Trainee: 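Quick one: the structure is below, questions incoming.
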Amino acid sequence: MLKRAKDNNHLSHAYLFYGPKGTGKKEMAYMLSLMLYCKNDVCFTCDDCKNILNGNNLNVIYIGKDEKKTVISKEQIESLQEEFSKTSLLNGPRIYIVDGIDLASQAAQNSLLKFIEEPENAEESIGIFIADELSNVLSTIQSRCELVYFKEISKDILIRNLKDEGIDDLNSSMLASITNNIDEAMSIYGTEKYENAKNMFLELINCKTKYDGVNFSAKYSNYNTTTGAKDLSNDIAIITLVCNFIITFLDDLLFHLKDNDSLILYPLYDKIKAYKQTKKNVEYRLSRILNSFDKLRYNVAPKNVFFEVMIYFLE
């Protein structure tokens, strides 16, 4: 679709790529950039391709969420606007990719809206916005973009592909609960944060009582200067993974337990079934956990989110 639009000179001035995480939205944003600059029909080997992929093309600017923050800030958008106010030294369209527009603050989105409506100069520019949750993007931004939906690949295909890569059943299932992209899954697998999050989740689902939960939270929230043990409960990346595991666990229980062939976390079938037998009001628990998880977007301390999620899961 995009290639046809490019060949026919019908490209939009702004695109909004949306759909589940891990469905190739960012990759397609860069593919569009390559299509506009590569003279060899996207060869990946020429200087133009390499410069874009390595972040060395001054006309292709990428903005993503800062590693230490949970939202794209207004300051990042203002920096983009300042950059685009300068005359480009290169020929070709100027492309800006905003990865996580649905994670941008309202102030940032409003600034971006003004930028879409009133570009800083007359040079040709194309904006590519990437979102997992379309509902978190201002409707006024949506209306000014061409919307492109990226469909989620089935989890069973992803799990099968991961197993073909030599990853065991449990890890394949857990990785499939946090991404739909096999390359991203492979890059996450075996990392320290992933292993810590996996261990926390597996230990949490073995807790039977609130007393178990107290011991569990104490274990993962204490920083010990003598042993070097870290306060894992305040690491946003780890807590994000743990919350995703828990949400998938409860989602499996509510919607897939009767047809266990469709379970994502099927290696944990016995744990999921046991949880259903001992806990009531699972819908309420999942609703509250989703609300707590969403607080990570608003700079609530990961430790506080972690404790809330744990309480709702175990109470």
Side-chain angles (χ1 to χ4, degrees), residues 1-18 23-67 69 71-105 107-131 137-138 140-148 150 181 183-184 187:
M1 179 191 78
L2 293 173
K3 188 177 188 306
R4 185 167 61 250
K6 181 256 183 184
D7 292 341
N8 293 329
N9 259 343
H10 288 154
L11 282 174
S12 172
H13 72 289
Y15 288 94
L16 176 52
F17 294 171
Y18 72 100
T23 48
K25 300 184 292 294
K26 179 179 176 181
E27 290 81 356
M28 184 55 69
Y30 275 98
M31 280 295 293
L32 178 54
S33 303
L34 295 175
M35 277 191 269
L36 292 170
Y37 276 94
C38 180
K39 301 175 181 65
N40 305 311
D41 197 24
V42 188
C43 65
F44 296 104
T45 57
C46 69
D47 288 341
D48 287 326
C49 284
K50 289 179 180 178
N51 285 336
I52 289 174
L53 294 175
N54 293 331
N56 295 326
N57 184 313
L58 298 179
N59 276 358
V60 180
I61 298 176
Y62 173 86
I63 291 178
K65 178 174 66 67
D66 189 285
E67 196 174 85
K69 297 183 179 180
V71 298
I72 291 175
S73 66
K74 181 181 179 181
E75 289 72 27
Q76 288 177 280
I77 302 303
E78 290 174 342
S79 177
L80 170 69
Q81 293 170 323
E82 182 180 352
E83 185 64 33
F84 269 62
S85 68
K86 304 170 186 175
T87 301
S88 174
L89 300 177
L90 297 176
N91 292 325
R94 306 187 77 177
I95 303 166
Y96 56 101
I97 301 169
V98 181
D99 188 0
I101 182 63
D102 53 330
L103 299 177
S105 66
Q109 291 196 43
N110 282 324
S111 293
L112 191 56
L113 175 63
K114 183 178 179 182
F115 183 52
I116 298 171
E117 294 174 332
E118 302 171 16
E120 293 293 325
N121 55 50
E123 294 179 290
E124 179 188 2
S125 65
I126 296 177
I128 306 173
F129 311 112
I130 299 172
V137 182
L138 290 177
T140 44
I141 290 180
Q142 295 183 39
S143 67
R144 286 158 179 78
C145 298
E146 182 169 332
L147 304 185
V148 181
F150 285 69
N181 185 294
D183 292 329
E184 184 179 9
S187 70

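Given the structure is predicted, the values throughout are model-derived calculations rather than measurements. Because only heavy atoms are used, hydrogens play no part in the values below, and waters and symmetry mates are left out as well, while side chains stay in.
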Trainee: Just jot down the side chain to side chain donor-acceptor pair (under 3.5 Å) partners of N57, sequence neighbours excluded, or say none.
Mentor: none

Trainee: What's the spacing between K74 NZ and S79 OG if we round to 0.5 Å?
Mentor: 14.0 Å

Trainee: If we ignore hydrogens and angles and just use 3.5 Å, is the side chain of S12 paired with the main-chain N or O of Y15 as donor and acceptor?
Mentor: no

Trainee: I'd like to check L80 versus I61 (side-chain heavy atoms, cut-off strictly below 4.5 Å). Are they in contact?
Mentor: yes

Trainee: Could you walk me through whether I130 and L16 pass the side-chain contact (heavy atoms from CB on, under 4.5 Å) check?
Mentor: CA-CA 6 Å; I130 299 172; L16 176 52; over 6 Å; no

Trainee: Roughly how far, to the nearest 0.5 Å, is the CG atom of L112 from the CZ atom of R144?
Mentor: 11.5 Å

Trainee: Would you say that F129 contacts I97 through its side chain, given a criterion of any heavy-atom pair below 4.5 Å between the two side chains?
Mentor: no

Trainee: Would you say the side-chain atoms of Y37 and N59 include a donor-acceptor pair closer than 3.5 Å?
Mentor: yes

Trainee: Count the heavy atoms of every other residue, nucleotide or ligand shown that sit under 6.0 Å from CG of N91, and state whether that count exceeds 12.
Mentor: no

Trainee: Should we count CE of M35 as having more than 12 external heavy atoms under 6.0 Å?
Mentor: yes

Trainee: Is any side-chain heavy atom of I116 closer than 4.5 Å to one of H13?
Mentor: yes

Trainee: What closest approach, in Å, do I52 and S33 show between heavy atoms, and which atom pair accounts for it?
Mentor: CD1-O, 3.6 Å

Trainee: Closest approach of A131 and D102, non-hydrogen atoms and distance?
Mentor: CA-OD1, 3.4 Å

Trainee: State, with a plain yes or no, whether a side-chain heavy atom of C46 is found less than 4.5 Å away from one of C38.
Mentor: yes

Trainee: Could you give me the CA-CA distance, side-chain angles and deciding distance for I128 and V98, then say whether side-chain contact (heavy atoms from CB on, under 4.5 Å) is met?
Mentor: CA-CA 6 Å; I128 306 173; V98 181; over 6 Å; no

Trainee: Check whether any side-chain heavy atom of N40 sits under 4.5 Å from a side-chain heavy atom of C49, and report yes or no.
Mentor: no

Trainee: Would you call the rings of Y96 and F115 parallel, tilted or perpendicular if under 30° counts as parallel and over 60° as perpendicular?
Mentor: tilted

Trainee: With side chains defined as the heavy atoms from C-beta onward, is the minimum distance between Y30 and Y62 less than 4.5 Å?
Mentor: yes

Trainee: Does Q81 reach the main-chain N or O of S111 with its side chain, forming a donor-acceptor pair under 3.5 Å?
Mentor: yes

Trainee: Distance-only, no hydrogens or angles: does the Q142 side chain make a donor-acceptor pair with backbone N or O of V137 under 3.5 Å?
Mentor: yes

Trainee: Atom OG of S143 and atom CG of L113: how far apart are they, to the nearest 0.5 Å?
Mentor: 7.5 Å

Trainee: Going by salt bridge (Lys or Arg N to Asp or Glu O under 4.0 Å), name the residues that satisfy it together with D48, two or more places apart in sequence or in a different chain.
Mentor: K39

Trainee: Would you check, one step at a time, whether the test side-chain contact (heavy atoms from CB on, under 4.5 Å) holds for L34 with M31?
Mentor: CA-CA 5 Å; L34 295 175; M31 280 295 293; 4.2 Å; yes

Trainee: Any side-chain heavy atom of I72 within less than 4.5 Å of one from I101?
Mentor: no

Trainee: Might you point out which heavy atoms bring R94 and E83 nearest each other, and give the distance in Å?
Mentor: NH2-O, 3.3 Å

Trainee: One pair to check against side-chain contact (heavy atoms from CB on, under 4.5 Å): L138 and N110. What are the steps and the verdict?
Mentor: CA-CA 8 Å; L138 290 177; N110 282 324; 3.4 Å; yes

Trainee: Without swapping roles, check the side chain of Q109 against the backbone of I141 for a donor-acceptor pair under 3.5 Å.
Mentor: no

Trainee: Are any of the side-chain heavy atoms of E27 and N181 separated by less than 4.5 Å?
Mentor: yes

Trainee: Applying ring pair (Phe, Tyr, Trp, His ring centres under 6.0 Å), name anything that partners F17, two or more places apart in sequence or on another chain.
Mentor: F150

